Amino acid sequence: MCANSYDLDSSKEIEKYLDSILSKRSIFKNRDALRPDFIPDFLPHRENELKRLSEIFAPLLLSSKPSNALLFGKTGTGKTASIKLVSKIMLQKAREKNINFIASYINCRLEGTEYRILSSFANSLNLQVPFTGLATEEVLKRITSYLQKVSTNVLLILDEVDTLVKSYGDDVLYELSRINETFSNSRLALVVISNDISFKDFLDPRVLSSLSEEEVLFKPYTAEELKDILNARVELAFNENVVSKDVLNLVAAMSASEHGDARRALNLLRVAGEIAERRGSPVITEQDVKEASLKIEEDQVFEISRTLPLHSRLLLAALLIFNQNNQVPSSGELFTKYKSLASNLGIQELTYRRVSMLLNELEMLGLIQSKVQNMGRHGRTRKMKIATPLEPIRKALSSDVMLAQFITK
DNA sequence: CTTCCACAGGAACCAGCGGACC
DNA sequence: GGTCCGCTGGTTCCTGTGGAAG
């Protein structure tokens, strides 16, 4: 009985809540237009780059071998969007004219290893390859003999290739860049995208010369350019008069100061929209934008800390304890603290060497910050501290049953 | 000027897993 | 069923180093 009336009440509550949401006119027309994987048909301020790219790869549709290309630029400068747009249009053209054409997009950071990149490539060619068990060279061999057999034109896009090169070297790039020599019936053009120009230093000169037959540089957007991009996207994403000029300027200015990253600007706008929507407001205010900016950072920190592996979380907890007492520990002191937490929980602690690597990873994630300090006779050490707001970290760690006991309010 | 600390971080190696292939 | 493979997540061993103390 009791449970029943409870159910009744809460279902009424939910209904009321849903009604109130549905009755409100959403400020969004198409929320997805602000998502990072959305590829618009119009990319402002990338006209030159788009033209270059289509010139470079047009020969593929005439079944002749085009140059390989190297695309550079910081994150959020439109590299991925541009090449995806070009390949999308090439695909349409190829279909119209009945030409064999495959565009294969692979993100090297997400795939992670040489083997997975090649097997993902194979799968995109409709060539089934087991996800483990084969030698990497075997996968490559299967790909080449398949391409020899089917006779097609392939645009292979390797995004964020710097992460691959830094941990595995350029072997795969070398093989792929000369893959055309091994078959005569197909053509393959390689597009390599990197956030980091210095990655060229890691390449063998032969690989470099083959990859950089064409180079396209993507400059960061200025605040003015960001405004145009936002404007174009606001029309797709929001209903009329939701985003004022002032708000748009603010978003553009905030993002331009963060290296002209369009992806982040769009994300900021989306989150600000969601905040306004939840508030029941018909328009986005500057306050919403500021709140959104804070929320984005805090959510990121929370999510990263929550999903860290056990020993990294232990390290973070140890550092949090120091920071809460306004202490900035050395790496050695932090290690000692970490060991005591671990033994407290009956967990086998890792070696100092490994811990040192985990700390580096935490620093790469932007969670912690270290400063080398020389103490002469007393050696050299890194002073460690948390580099983000403490609250989301505290929240993430105390939601962990095991760690909660160490985290004080 | 030399010494020497408290680490940083590279290199090589290992165990265990899931899986392919013959 | 034995041998090979890639990959993760470690360990062991080692060399390198800035600058205050001596």
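A note on names: the letters A, B, ... follow the listed sequences, proteins ahead of strands, and every chain is numbered from 1. Since this is a predicted model, take the numbers as computed values, not measurements.
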Let me check something: any side-chain donor-acceptor pairs from residues 377-384 of chain A under 3.5 Å, sequence neighbours excluded? List them with distances.
{"unit_1": "A/T381", "atom_1": "OG1", "unit_2": "A/S331", "atom_2": "N", "d": "3.4"}
{"unit_1": "A/T381", "atom_1": "OG1", "unit_2": "A/S331", "atom_2": "OG", "d": "3.3"}
{"unit_1": "A/R382", "atom_1": "NH1", "unit_2": "A/N360", "atom_2": "OD1", "d": "2.7"}

Would you tabulate the side-chain donor-acceptor contacts of residues 65-74 of chain A under 3.5 Å, counting partners in other chains and residues two or more places apart, or write 'none'?
{"unit_1": "A/N68", "atom_1": "OD1", "unit_2": "A/L190", "atom_2": "N", "d": "2.9"}
{"unit_1": "A/N68", "atom_1": "ND2", "unit_2": "A/S210", "atom_2": "O", "d": "3.3"}
{"unit_1": "A/N68", "atom_1": "ND2", "unit_2": "A/S210", "atom_2": "OG", "d": "3.3"}

- request: State, to the nearest 10°, the angle formed by the axis through the first five base pairs of the helix from B/dC1-C/dG22 to B/dC22-C/dG1 and the axis through its last five.
  value: 30°
message: Does a side-chain N or O of A/S330 approach OP1 or OP2 of B/dC7 to a distance below 4.0 Å, or not?
response: yes
query: According to the side-chain hydrogen bond (donor to acceptor under 3.5 Å, both in side chains) rule, which pairs have a member within residues 36-61 of chain A, sequence neighbours left out?
result: A/D41-A/K88, A/H45-A/D228, A/R46-A/Y221, A/R52-A/E214
field: Contact list for DNA chain B against residues 361-368 of chain A - heavy-atom distance below 4.0 Å
entry: none
Of residues 104-121 of chain A, the positions that come close to DNA chain C - non-hydrogen atoms, cut-off under 4.0 Å: A/T113, A/Y115, A/R116
- request: Summarise how protein sits on nucleotides 17-22 of chain C as a single string, 5' to 3': B when a protein heavy atom is under 4.0 Å from the base, S for sugar-phosphate-only contact, - for no contact.
  value: BBBBSS
message: I need a per-nucleotide contact map over nucleotides 13-22 of chain B, read 5' to 3'. Cutoff is protein heavy atoms under 4.0 Å; write B for the base, S for backbone only, - otherwise.
response: -----BBSS-
message: Among residues 336-354 of chain A, which ones have heavy-atom contacts with DNA chain C below 4.0 Å?
response: A/L350, A/T351, A/R353, A/R354
task: Return the set of residues passing salt bridge (Lys or Arg N to Asp or Glu O under 4.0 Å) with A/D204 (not counting sequence neighbours), or none when no residue passes.
output: A/R206
query: Got a sec? Which of residues 170-178 of chain A come in under 4.0 Å of DNA chain C, heavy atoms?
result: none
message: According to side chain to side chain contact (heavy atoms under 4.5 Å, CB included), who are the partners of A/R116, at least two apart in sequence or on a separate chain?
response: A/E111, A/T113
